[in-house]
Chemist: 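Mind having a look at this structure? Questions to follow.
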Amino acid sequence: MSRVVHITRRERFSAAHKLYNSEWTDEKNQEVFGKCANSNWHGHNYELFVTVKSTINPETGFVMDLKSLSDLLKEKIINHLDHKNLNLDTPFMKNIMSSTENICVAIWDEIQPDIEKKGAELVVIKLQETENNFVEYYGE
Ligand code: NI
């Protein structure tokens, strides 16, 4: 019987952003986004959890080599987010509101084809923005 197992890699990054809708007045932005609309930016220490699944490779005993998953995440994601301004510096966040929800979806789109090429299936992207708030995206 072939067993399907989920594995998760955690990565961390620190980044600046602000939430601001330029179609709205400053007052409305302040009302909706509160401190996150601060015009001189603010930052978070994000924790990213990427979960993939596959059957176990009988030769290695692995679902996927976690080192190769980590290398992929560093190259495609972390290098573009860590110590960056998400609104200004990150190509795949251009013209997208830098909410935790939108960052999750953008990360999914960036890595999903590569995960598939490595013979696994992307299950969920979890992104923790603060100790109490995190977002999960399952590809729907
Ligand atoms: Ni924020």
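Computation of the quantities below employed the complete heavy-atom set of this structure, encompassing side-chain atoms and omitting hydrogens, waters and symmetry-equivalent molecules. No experiment lies behind these values; they were computed from the predicted model shown. Counting starts at 1 for both ligands and their atoms, following the listed order.
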Chemist: Is H83 atom NE2 crowded by more than 12 heavy atoms from other residues, nucleotides or ligands, each under 6.0 Å away?
Modeler: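 Not buried by this count: 12 neighbours or fewer within 6.0 Å.
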
Chemist: Return all protein N, O or S atoms below 2.8 Å from the Ni ion (ligand 1), chain by chain in residue order.
Modeler: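 Per the 2.8 Å query on the Ni ion (ligand 1), atoms found are H17 NE2, H42 NE2, H44 NE2.
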
Chemist: Indicate if L88 and L81 have the same hydrophobic cluster label, given that clusters are the connected sets of ILVMFWY residues with side-chain heavy-atom separations under 4.5 angstrom.
Modeler: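 Hydrophobic grouping puts L88 apart from L81.
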
Chemist: Side chains of Y20 and N38: do they bring a donor and an acceptor to under 3.5 Å?
Modeler: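 No pair is found: no donor N or O on one side chain lies under 3.5 Å from an acceptor on the other.
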
Chemist: Describe, in one word, how the ring planes of F33 and W24 are oriented to each other, choosing from parallel (under 30°), tilted (30 to 60°) and perpendicular (over 60°).
Modeler: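 Judged by the thresholds at 30° and 60°, the geometry between F33 and W24 is parallel.
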
Chemist: Do the ring planes of Y46 and F13 sit parallel (below 30°), tilted (30 to 60°) or perpendicular (above 60°)?
Modeler: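 Ring orientation, 0 to 90° scale: parallel.
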
Chemist: Determine, stepwise, if the pair S54 / V4 fulfils side-chain contact (heavy atoms from CB on, under 4.5 Å).
Modeler: CA-CA 5 Å; S54 177; V4 173; over 6 Å; no

